Protein chains: 2
Amino acid sequence: MNPELKKLSEVLKNKGQSLTNPRKLVFEVLSSHKPQTMNELINLLGKSVDRASVYRTVGLFESLGITQRLALGWKYKIELSDAFTHHHHHFSCMKCGLIITLQDNSDLEASISLLAKSQGLTMTDHQLEIRGLCQDCASST
Amino acid sequence: MNPELKKLSEVLKNKGQSLTNPRKLVFEVLSSHKPQTMNELINLLGKSVDRASVYRTVGLFESLGITQRLALGWKYKIELSDAFTHHHHHFSCMKCGLIITLQDNSDLEASISLLAKSQGLTMTDHQLEIRGLCQDCASST
DNA sequence: GCATTATTGCGACATAATTGCAATAACTGG
DNA sequence: CCAGTTATTGCAATTATGTCGCAATAATGC
């Protein structure tokens, strides 16, 4: 069992949830692909996991903090949460739809938590999407 | 005609689009309310604008840069774009659903554009959502 | 392994979004 | 300011997306 899957198994067990086949499959698709819309997820899984179960699994994963949903482009997408990947932000190319993962930046993170703190807000999470044109699209315009 | 509406009229005319009543109404609701989900928008407009026309209008507004959609909490919401309001970010309380508008912060904005630039990306737009607990919910826990 | 309990897949339902088309309203030139 | 032209609307039908109850099935603890 690969280490990622092992971690999933532990998280589930900790919360009194079982590691079922559909959950493994959903997790595997999420760990081997970029952020997915629900439909992409459902299509990738084909008939190996039922539509309803995909929704239920994603709902469970979200409530356990295994995945997070975020808005990219125009659709919301699902990706593994920071506990399974490294915290990052996203860039979406509005022309070709390319999504780029942007690595963490301490200045940025500091500004964000400062902003929350200055308003007396308790931040658990945040997400930033930068939209624009990727290098290829920008140069071919 | 109020100045906001005047601006809308100009933008539409510039793009060869007409200023129709439904478009005015949708715009008015958006300028006098916090970010709206499609359904909130549809309900607020009642039978004065048909469901389908609300979708079509929002689609048009988005393509012209009059509105932008953003994911807050778990739902998509529509708001006027930066050209009609001031640039800002959002905080969503994950307990009570409260949405707070966060005023611009130059450090933050600088970090964001730097991040994009360092990757050779052309940024046209960005959005940040901070999630957590508002003051009331944090203190009543 | 076997019993217990949670989870799944299926079909039915509910809600959200899109489309074709005839009726209507907005813009243009006179 | 009016009539002709063209885009836009409202309506009804359709499709897509998400949810639910329940019997069959699979996972866990012993």
Side-chain angles (χ1 to χ4, degrees), chain A residues 1 5-30 35-64 66-78, chain B residues 1 5-30 35-64 66-78:
Chain A
M1 191 186 281
L5 211 52
K6 186 125 195 283
K7 192 167 182 186
L8 172 69
S9 155
E10 280 163 20
V11 173
L12 288 174
K13 182 171 271 179
N14 271 338
K15 309 271 184 165
Q17 300 289 338
S18 43
L19 178 62
T20 66
N21 228 274
R23 288 173 188 173
K24 270 189 229 171
L25 292 170
V26 170
F27 183 84
E28 275 165 11
V29 170
L30 285 171
Q36 304 291 323
T37 61
M38 274 294 180
N39 267 339
E40 288 167 344
L41 216 50
I42 289 164
N43 291 333
L44 281 165
L45 289 160
K47 67 191 176 86
S48 60
V49 183
D50 186 76
R51 185 183 191 40
S53 298
V54 178
Y55 280 103
R56 284 185 286 224
T57 300
V58 169
L60 176 73
F61 282 5
E62 277 173 350
S63 73
L64 299 181
I66 294 168
T67 61
Q68 59 191 47
R69 53 171 93 178
L70 64 158
L72 292 179
W74 272 21
K75 294 268 173 183
Y76 79 80
K77 309 208 176 187
I78 315 296
Chain B
M1 190 188 280
L5 210 52
K6 187 127 194 286
K7 191 166 181 185
L8 171 68
S9 155
E10 280 162 21
V11 173
L12 288 174
K13 182 170 272 179
N14 271 338
K15 309 271 185 166
Q17 300 289 336
S18 44
L19 178 62
T20 67
N21 228 273
R23 288 172 188 175
K24 269 189 230 171
L25 292 170
V26 170
F27 183 83
E28 275 165 11
V29 170
L30 286 171
Q36 305 290 323
T37 61
M38 275 293 180
N39 267 339
E40 288 166 344
L41 215 51
I42 289 164
N43 290 333
L44 282 165
L45 289 161
K47 67 192 175 86
S48 59
V49 183
D50 186 76
R51 188 178 218 6
S53 298
V54 178
Y55 280 103
R56 284 185 284 224
T57 300
V58 169
L60 176 72
F61 281 5
E62 277 172 351
S63 71
L64 299 180
I66 294 168
T67 62
Q68 59 191 49
R69 56 170 94 175
L70 62 160
L72 292 178
W74 273 21
K75 295 266 172 184
Y76 261 105
K77 310 216 171 184
I78 316 294

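Just so we're clear, the structure is a prediction, and the values are computed from it rather than from any experiment. Letters A, B, ... are given to chains in the order of the sequence lines, protein chains preceding strands, and every chain is numbered from 1.
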Could you tell me whether B:Arg56 contacts a base, only the sugar-phosphate backbone, or nothing, with contacts defined as non-hydrogen atoms closer than 4.0 Å?
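Touches a base.
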
side-chain contact (heavy atoms from CB on, under 4.5 Å) partners of [X], counting only residues at least two apart:
| X | answer |
| --- | --- |
| B:Asn43 | none |
| B:Ser18 | B:Thr20, B:Arg23 |
| A:Ser48 | A:Leu25, A:Leu45 |
| B:Thr67 | B:Leu30, B:Phe61, B:Glu62, B:Ile78, B:Leu80 |

Need two values: the first and the last nucleotide of DNA chain D, 5' to 3', having an atom under 4.0 Å from any heavy-atom of chain A.
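Using the under 4.0 Å cut-off, the span is D:dT17 to D:dT28.
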
Please find the pair of heavy atoms, one from A:Ser63 and one from A:Leu60, that lie closest to each other, and give the distance.
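Closest pair (atom of A:Ser63, atom of A:Leu60, distance): OG-O, 2.8 Å.
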
Heavy-atom count check: over 12 atoms from other residues, nucleotides or ligands less than 6.0 Å from A:Lys15 NZ?
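Atom NZ in A:Lys15 is not crowded, with 12 or fewer foreign heavy atoms closer than 6.0 Å.
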
Could you list the residues that satisfy side-chain hydrogen bond (donor to acceptor under 3.5 Å, both in side chains) with A:Gln36, not counting sequence neighbours?
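Result, side-chain hydrogen bond (donor to acceptor under 3.5 Å, both in side chains) vs A:Gln36: none returned.
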
Those residues that, when tested against B:Gln17, pass side-chain hydrogen bond (donor to acceptor under 3.5 Å, both in side chains) (two or more places apart):
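Once residues adjacent in sequence are excluded, B:Gln17 has no partner under the side-chain hydrogen bond (donor to acceptor under 3.5 Å, both in side chains) criterion.
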
Could you tell me whether the side chain of [Y] reaches within less than 4.5 Å of the side chain of [X], counting heavy atoms only?
| X | Y | result |
| --- | --- | --- |
| A:Phe27 | A:Thr57 | no |
| B:Lys24 | B:Leu19 | yes |
| B:Lys6 | B:Ser9 | no |

To the nearest 10°, give me the bend of the helix from C:dG1-D:dC30 to C:dG30-D:dC1, comparing the axes of its five terminal pairs at either end.
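The end axes of the helix from C:dG1-D:dC30 to C:dG30-D:dC1 are about 60° apart, to the nearest 10°.
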
Between C1' on C:dA16 and CG on B:Asn43, what's the gap in Å once rounded to a whole number?
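To the nearest whole Å, that distance equals 12 Å.
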
For B:Asn39 and C:dA14, what is the distance between atoms CG and C1' respectively, to the nearest whole Å?
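The answer, rounded to whole Å, is 12 Å.
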
Return the CG to NZ distance between A:Leu5 and A:Lys7, rounded to the nearest 0.5 Å.
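Taking CG in A:Leu5 and NZ in A:Lys7, the distance rounds to 12.5 Å.
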
Do B:Arg69 and B:Tyr76 have side-chain N/O donor and acceptor atoms under 3.5 Å apart?
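B:Tyr76 and B:Arg69 do not have a side-chain donor-acceptor pair below 3.5 Å.
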
Those residues of residues 44-54 of chain A lying under 4.0 Å from DNA chain C by at least one heavy atom
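Within this stretch, A:Ser48, A:Val49, A:Asp50, A:Ala52, A:Ser53 sit under 4.0 Å of the strand.
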
Anything under 3.5 Å between a protein N or O and an N or O of nucleotides 25-30 of chain C, put it in a table, one pair a line.
residue : atom : partner : partner atom : Å
C:dC27  : OP1  : B:Leu19 : N            : 3.2

